[in-house]
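Just so you know, ligand 1 is whichever comes first in the structure, and atom 1 is the first atom listed for that ligand. FYI, side chains are in, hydrogens and waters are out, and symmetry mates aren't considered; it's all heavy atoms of this structure.
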Amino acid sequence: MGYMNIALIGYGKMGKAIEEIALQRGHSVVLKIDEPNIHDFTKENLSKADVAIEFTSPHSAYENIKKAISFGVPVVSGSTGWTERLDEMNKYCIEQNGAFIYASNFSVGVNIFFEINKRLAALMSPHDEYEIEMEEIHHTQKKDAPSGTAVSLAEQILGEINRKKRWVNEKSKSPEELTIISKRIDPAPGTHTIKYTSPIDDIEIIHTAHNRKGFALGAVLAAEFIKDKHGIFSMKDVLLL
Ligand SMILES: NC(=O)c1ccc[n+]([C@@H]2O[C@H](COP(=O)([O-])OP(=O)(O)OC[C@H]3O[C@@H](n4cnc5c(N)ncnc54)[C@H](O)[C@@H]3O)[C@@H](O)[C@H]2O)c1
């Protein structure tokens with residue numbers, strides 16, 4: 001694996017955590033874009049980077065990613081709360097012959113948890129006696145609810161369990177709705193629990209992030225993976241899951 005020149009689009013909690021891991025792995029950060037220097041986000045500056053890693057906000061992610069793809073640089077993005085436009089972005093990336101990886105959660109553990117979630121949902125599919133509920137806990141500065149990870153987990157469950165038709169971000173009594181409870185408590189970096197309950201027994205799976213390092217490492221691994229590629233990829237490709 002060769003060393004990379006990385007552009008960080010968004011230099012908040014995640015941008016800083018990614019910088020630390022990238023430097024530890026021998027890469028260079030050649031551009032840091034955040035709100036005060038948005039005017040530096042030009043084609044000329046971005047061209048110095050082999051890959052752009054974008055962690056900003058639900059409101060800015062779409063435009064940032066599109067811009068970086070249009071400048072011909074592979075993009076890794078983890079911004080949440082904008083993914084109703086993900087299909088549109090993937091289509092744009094293919095048209096531009098670009099490279100893009102989006103993940104609602106870059107950590108190795110969560111991506112393994114996704115696979116367990118899908119398997120458990122598939123096994124539970126015929127067992128109507130189990131009610132399903134999800135809970136996610138994050139820090140109070142988090143802008144979106146439910147979390148992007150919770151949305152991914154919910155979509156995986158809806159894909160396997162026919163009796164659930166949609167997720168809702170409140171306690172629901174409808175058997176067709178999958179409840180996602182969002183709690184905001186400091187300093188939680190992210191906990192996701194999926195609970196199947198029946199009068200006879202319960203099964204619960206939980207992922208707890210202890211800090212942001214797992215997300216940052218996964219984002220750098222994704223950047224290393226996508227550097228010289230074209231196309232749309234996921235963490236399943238990066239982690240060979
Ligand atoms: N996919 C994952 O694994 C993962 C993990 C953690 C957080 N996240 C998501 O990543 C995003 C960022 O999280 P964070 O904890 O770093 O938030 P943060 O608020 O600490 O940092 C976001 C930064 O983006 C900057 N920003 C806002 N608009 C911008 C723009 N137009 N151009 C450039 N910079 C801009 C802000 O000034 C801020 O410094 C959130 O959407 C969060 O949910 C994803």
Co-members of the apolar cluster containing L123 [side chain, <4.5 Å]:
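So far as hydrophobic clustering goes, L123 is joined with none.
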Going by the angle between their ring planes, with limits at 30° and 60°, are [X] and [Y] parallel, tilted or perpendicular?
X    : Y    : answer
Y102 : F100 : tilted
Y196 : Y130 : perpendicular
F233 : F225 : perpendicular

Does S198 have any side chain to side chain donor-acceptor pair (under 3.5 Å) partners at least two apart in sequence or in another chain, and if so, which?
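Residues passing side chain to side chain donor-acceptor pair (under 3.5 Å) with S198: D201.
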Polar pairs, ligand 1 vs protein, N/O only, below 3.5 Å.
unit_1	atom_1	unit_2	atom_2	d
ligand 1	1 (N)	G78	O	3.2
ligand 1	1 (N)	A103	O	3.1
ligand 1	1 (N)	S104	O	3.1
ligand 1	3 (O)	F106	N	2.9
ligand 1	16 (O)	K13	N	3.4
ligand 1	16 (O)	M14	N	2.7
ligand 1	20 (O)	K13	N	2.9
ligand 1	20 (O)	K13	NZ	3.0
ligand 1	28 (N)	S60	OG	3.3
ligand 1	37 (O)	D34	OD1	2.4
ligand 1	37 (O)	E35	OE1	3.2
ligand 1	39 (O)	D34	OD1	3.2
ligand 1	39 (O)	D34	OD2	2.7
ligand 1	41 (O)	T80	N	3.1
ligand 1	41 (O)	T80	OG1	3.2
ligand 1	43 (O)	T80	OG1	2.6
ligand 1	43 (O)	K142	NZ	3.0

Please list all pairs passing the side-chain hydrogen bond (donor to acceptor under 3.5 Å, both in side chains) test where one or both residues lie in residues 67-77, with sequence neighbours left out.
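Residue pairs with at least one partner in residues 67-77: E54-S77.
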